[in-house]
Amino acid sequence: MAAQTRIALVDCNNFYVSCERVFRPDLTLKPVAVLSNNDGCIVARSPEVKALGIKMGTPVYQISRLIIQHHITLFSSNYTLYADMSARVMTLLESFSPTLEVYSIDESFLDLTGICDKDPLAYGQDIRRTIVQNTGVPVCIGMGPTKTLAKLANYAAKKWPKTAGVVDLADTERRAKLMRQVPVNKIWGIGTRLAQRLNTRGVAIFAKACFGHPSPIKQQKNTRPLMPPAAPIRPRRLVSTQQGVETLALA
Ligand SMILES: [Mg+2]
């Protein structure tokens, strides 16, 4: 029987911050942020900075008080360093799969089909250990039968520490359970505005986006509905992706 497709998404945690911390280990567990080209805005945040409620893209002048109060260390961005660290991570990943697609500076898809069927979680932990030991950059790993589900698994691996940074969604029950908890805006490809529109139609979670029947929008007096009467939202790609059918080819 052919092995079930298993795609892994390896994503570096707080990548720019992690790169800076490699050379400043004293800043581990301390609030650290990296700034945009002109030092104007926050473009990367350590978990400690995220916990302070500081959002991506926040202009520095708006949080000057928080920076002083919480002793946040700021770095100008150093893209030469980040590109070099990224190349190191990707080179290490090549030893774990013959098929790898570098998706962004800190993310890569690996085709693990037939490679680690016996114990995918242990294989994921091996990848994590190798990357952090050799580069100092921590990563989280999500696995699933499609790229979208690998992304979803990665979201879970990052969000819930008890996963120890690796989640495999080969199991359909596990997948359905997670999909019932994940907000629709966390689905790969659904941006803020589309998420808002879906929310308006009662589609708030991943599972409902695949299988739900959104409730019609309540019509207010003397107004036309914002959208036509609701038809079930079942984007074909989402449904097929949930069923384990890949719709995007791995390079
Ligand atoms: Mg990342």
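This one's a predicted model, so the numbers in the text were calculated from it and none came from an experiment. In listed order, ligands and their atoms are each counted from 1.
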### Query
Could you walk me through whether Tyr123 and Phe96 pass the ring-ring contact (aromatic ring centres under 6.0 Å, His included) check?
CA-CA 9 Å; Tyr123 199 75; Phe96 288 93; 5.7 Å; yes
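- As for Asp11, its N/O/S atom nearest the Mg ion (ligand 1) is the one called OD1.
- Here the N, O or S atom of Asp106 that is nearest to the Mg ion (ligand 1) is OD2.
- Coordination check, Glu107 versus the Mg ion (ligand 1): failed, since every N/O/S atom of the residue sits at 2.8 Å or beyond.
- Judged purely by distance below 3.5 Å, without hydrogens or angles, the side chains of Asp84 and Ser86 never pair a donor atom with an acceptor atom.
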### Task
Determine, step by step, whether Asn38 and Ser36 satisfy the side chain to side chain donor-acceptor pair (under 3.5 Å) criterion, reporting the C-alpha distance in whole Å, the side-chain angles of both residues, the deciding distance to 0.1 Å, and the verdict.
CA-CA 6 Å; Asn38 56 359; Ser36 54; 3.1 Å; yes
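- Counting non-hydrogen atoms of neighbouring residues, nucleotides and ligands closer than 6.0 angstrom, the NZ atom of Lys50 exceeds 12 such neighbours.
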